[in-house]
Amino acid sequence: MNIDVVLNALSTPAELARLALQAEACGVGGVWTASYLASRDPWSNLVAAAQATRRVGLGAIAVNPYDTHPVRIATGLLTLNEYAQGRARIVVGGGGEALQALGIKPERRVRAVGECVEILKGVNPGTPFSFEGQIYQVQNYNPLWAKAPKPPIYVAVNKPQMLRMAARLGDGVMLSDLTPPICKERIGWVRDHLREFSRTAGPFRYYNFLAWHVYADRERAIREAKMWLGYRGLFRRWVLNTFMTDAEYDVIEAHKAEIYGMVPKKTWSVPGVPDALLDSCVENLTLAGTPADIPRFVAHLRKMRDAGCTDIVLELHDDPAEGIRLIGEHVIPALK
């Protein structure tokens, strides 16, 4: 099983380069940074990391075709890919906080993301590329300068229609914050669709995205994990029902805004939501604790590997260098 990490999108290019170099030395397979509205542009922000490293993959997660046209996404991706000599990659999704901030309604989500993937995969430098979709159109796009090997295109998915589209068009899927049984179910669906589309011969990657909150101070780890719960795909009844009742989920749903608001307020509690409910979410949806808990986390990741995950993406927070060190020393060797 391959282990990737997600670094803070607000990091400077120099910080990302330093951490990417450390990650490469520790055996991490890929370094990702998010595409947030208020963050640095992920493509240009990773250029220094591309120049500093030689092996580790580099990419943006998750980019959507609503706030950026697929051709402009392609240009950014191919530019980073040139600097990285073929090591760039991308996760395309149909959501993101930028949509709400810009007042964009992500209509026809499966169609929009699917057409974006088709455009990204259809570009073949040296041959003018045109595309007539229901949502997006391209006329004679031809980045002649893009000589590096074509980057893989992954799709951020969790639900049935998006999973089927990703199996038809993508190079892999990235699930997010799913338990091993749900991973197994979704991966099984994708494999069925790959057979349906006669795509079983080629490589296909199955990622699951998880948060890593591991510090010597347990209280610090749990508080950080609670604070970021709103970003863990928390508001999905079909996920939370695997470890809480409908009535308990209703409490979570009723306090959606306050849970999202924990990050800007730098708090880890919500009036009206029992701490035990938040603790249960941390326990089931994140890897949060001290280094002494790492064997338990490794056992959890092995269950994901057994469920079919080929790759795990671990999001790091306040001390990414320490997180990379722990992952390199204790997690990667245990999962080889």
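These figures come from a predicted structure and were not determined experimentally.
In terms of heavy atoms, Ile332 sits closest to Gly328 at CD1-CA, 4.2 Å. The minimum heavy-atom distance linking Ile312 with Cys309 is given by the pair CD1-CB, 4.4 Å. Here the closest non-hydrogen pair linking Ala146 and Pro125 is O-CG, 3.2 Å. Of all heavy-atom pairs spanning Leu10 and Arg40, the tightest one is O-NH1, 2.6 Å. Taking all atoms of both residues into account, the shortest heavy-atom contact from Leu16 to Ala49 is O-CB, 4.0 Å. The minimum heavy-atom distance linking Pro42 with Thr33 is given by the pair CB-CG2, 3.8 Å.
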- [ ] Might you work through the side-chain contact (heavy atoms from CB on, under 4.5 Å) test for Thr286 and Leu210, ending with a clear yes or no?
- [x] CA-CA 6 Å; Thr286 73; Leu210 292 168; over 6 Å; no
Open item on the list: Walk me through whether Arg108 and Gln134 qualify under side-chain hydrogen bond (donor to acceptor under 3.5 Å, both in side chains).
Closed with: CA-CA 10 Å; Arg108 303 178 71 189; Gln134 295 181 23; 2.2 Å; yes
- [ ] Begin with the C-alpha distance, continue with both residues' side-chain angles, and end with the deciding distance and a verdict on side-chain contact (heavy atoms from CB on, under 4.5 Å) for Tyr215 and Glu322.
- [x] CA-CA 8 Å; Tyr215 302 106; Glu322 177 64 4; 5.6 Å; no
- [ ] Please test Leu240 against Leu234 for side-chain contact (heavy atoms from CB on, under 4.5 Å), starting from the C-alpha separation and ending with a verdict.
- [x] CA-CA 7 Å; Leu240 269 63; Leu234 191 64; 4.0 Å; yes
Task: Residues Val5, Val313; criterion side-chain contact (heavy atoms from CB on, under 4.5 Å); working and verdict - done: CA-CA 5 Å; Val5 297; Val313 184; over 6 Å; no
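Checking side-chain atoms of Thr12 against main-chain N and O of Glu15 turns up a donor-acceptor pair under 3.5 Å. The backbone N or O of Cys281 sits nowhere less than 3.5 Å from a side-chain atom of Arg232 that would complete a donor-acceptor pair. Of the possible polar contacts, none joining the Ser39 side chain to the Ser35 backbone as a donor-acceptor pair under 3.5 Å is found. Listed for the Asp171 side chain is no donor-acceptor partner under 3.5 Å among the backbone atoms of Tyr154. Judged by distance alone, with hydrogens and angles left aside, the side-chain atoms of Thr68 form no donor-acceptor pair with the main-chain N or O of Pro65 at under 3.5 Å. A donor-acceptor pair under 3.5 Å links the side-chain atoms of Asn284 to the main chain of Ser280, judged by distance alone. When atom types are taken as modelled, the side chain of Arg218 and the backbone of Ala288 share no donor-acceptor pair closer than 3.5 angstrom. With hydrogens and angles disregarded, no donor-acceptor distance shorter than 3.5 Å links the side chain of Thr245 to the backbone of Asn241. Formation of a donor-acceptor pair under 3.5 Å by the Asn124 side chain with backbone atoms of Thr127 is not found in this model. Proximity of a side-chain donor or acceptor of Thr290 to a complementary backbone N or O of Ala292 within less than 3.5 Å is detected.
Under the 4.5 Å side-chain heavy-atom criterion for grouping Ile, Leu, Val, Met, Phe, Trp and Tyr, Val91 is not connected to Val56 through any hydrophobic cluster. The same ILVMFWY cluster, assembled from side-chain heavy atoms under 4.5 Å apart, contains both Ile153 and Leu194. Criterion: ILVMFWY side-chain heavy atoms under 4.5 Å apart, direct or through other members. Under it, Leu7 and Leu80 are part of a common hydrophobic cluster. Transitive grouping of hydrophobic side chains (ILVMFWY, heavy atoms separated by less than 4.5 Å) brings Tyr231 and Ile222 into a common cluster. Leu21 is not connected to Leu326 by any chain of hydrophobic side-chain contacts under 4.5 Å among Ile, Leu, Val, Met, Phe, Trp and Tyr, and they are in different clusters.
In summary, Glu224 and Arg220 do not engage in a salt bridge, as defined by a charged side-chain N under 4.0 Å from a carboxylate O. Salt bridge absent: Arg109 and Glu115 never bring a charged side-chain N and a carboxylate O closer than 4.0 Å. Residues Asp306 and Lys303 are not paired through a salt bridge, judged by the lack of any N-O separation under 4.0 Å between the basic side chain and the carboxylate.
Remark: Arg237 fails to qualify as a cation-pi partner of Tyr249 under the 6.0 Å distance and 45° angle criteria applied to the six-membered ring.
Summarising the geometry, atom CH2 belonging to Trp212 is positioned 11.5 Å from atom CD1 belonging to Ile324; distances are rounded to the nearest 0.5 Å. Atoms CG and CD1, from Leu169 and Ile119 in turn, are 11.5 Å apart once rounded to the nearest 0.5 Å. Atoms CD and OG, on Glu315 and Ser176 in that order, are 11.0 Å from each other to the nearest 0.5 Å. Within the model, atoms CG of Leu316 and CD1 of Ile327 stand 5.0 Å from one another, a figure rounded to the nearest 0.5 Å. In this structure, the separation between OG1 on Thr53 and OH on Tyr83 is 14.0 Å, given to the nearest 0.5 Å. Once rounded to the nearest 0.5 Å, the distance linking CG of Asn81 with CZ of Arg87 reads 9.5 Å.
By the 4.5 Å heavy-atom criterion applied to side chains, Leu77 and Trp43 are counted as neighbours. Side-chain contact check for Leu78 versus Pro151: some heavy-atom pair is nearer than 4.5 Å. In this structure, the side chains of Lys147 and Glu82 stay at 4.5 Å or more apart for every pair of heavy atoms. Side-chain atoms of Asp4 and Arg89, non-hydrogen and from C-beta on, do get closer than 4.5 Å to each other. At a threshold of 4.5 Å between non-hydrogen side-chain atoms, the residues Ser130 and Val138 do not count as touching. In this structure the side chain of Met174 reaches within 4.5 angstrom of the side chain of Trp32, judged on heavy atoms. No side-chain heavy atom of Asp311 sits less than 4.5 Å from a side-chain heavy atom of Met1. Under the 4.5 Å side-chain criterion, counting only non-hydrogen atoms from C-beta, Asp275 is in contact with Lys226.
Side chains of Arg305 and Thr310: no donor on one and acceptor on the other come within 3.5 Å. Gln139 and Glu132 are linked by a side-chain donor-acceptor pair at a separation below 3.5 angstrom, with hydrogens and angles left out of the test. No side-chain N or O of Asn8 forms a donor-acceptor pair with one of Ser11 less than 3.5 Å apart.
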Kindly list each side-chain donor-acceptor pair under 3.5 angstrom involving residues 254-269, sequence neighbours excluded, with atom names and distances?
unit_1: His255; atom_1: ND1; unit_2: Val251; atom_2: O; d: 2.9
unit_1: Lys256; atom_1: NZ; unit_2: Glu253; atom_2: OE2; d: 3.1

Kindly list each side-chain donor-acceptor pair under 3.5 angstrom involving residues 178-193, sequence neighbours excluded, with atom names and distances?
unit_1: Arg186; atom_1: NE; unit_2: Asn158; atom_2: O; d: 2.9
unit_1: Asp192; atom_1: OD1; unit_2: Arg195; atom_2: NH2; d: 2.3
unit_1: His193; atom_1: ND1; unit_2: Glu196; atom_2: OE1; d: 3.1

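Within the structure, ring pair (Phe, Tyr, Trp, His ring centres under 6.0 Å) pairs that include any residue of residues 106-152 comprise His69-Tyr136 (at least two apart or interchain). Within the structure, the ring pair (Phe, Tyr, Trp, His ring centres under 6.0 Å) test picks out the following pairs touching residues 285-336 (sequence neighbours left out): His213-His317, Trp228-His317.
Around the CZ atom of Arg325, the shell of radius 6.0 Å holds more than 12 heavy atoms that belong to other residues, nucleotides or ligands.
Taking the centre of each ring, Tyr206 and Phe204 come in below the 6.0 Å mark.
Residues satisfying the side-chain contact (heavy atoms from CB on, under 4.5 Å) criterion with Asn142, sequence neighbours excluded, are Pro128, Leu144. Arg54 meets the side-chain contact (heavy atoms from CB on, under 4.5 Å) test with Glu24; sequence neighbours excluded.
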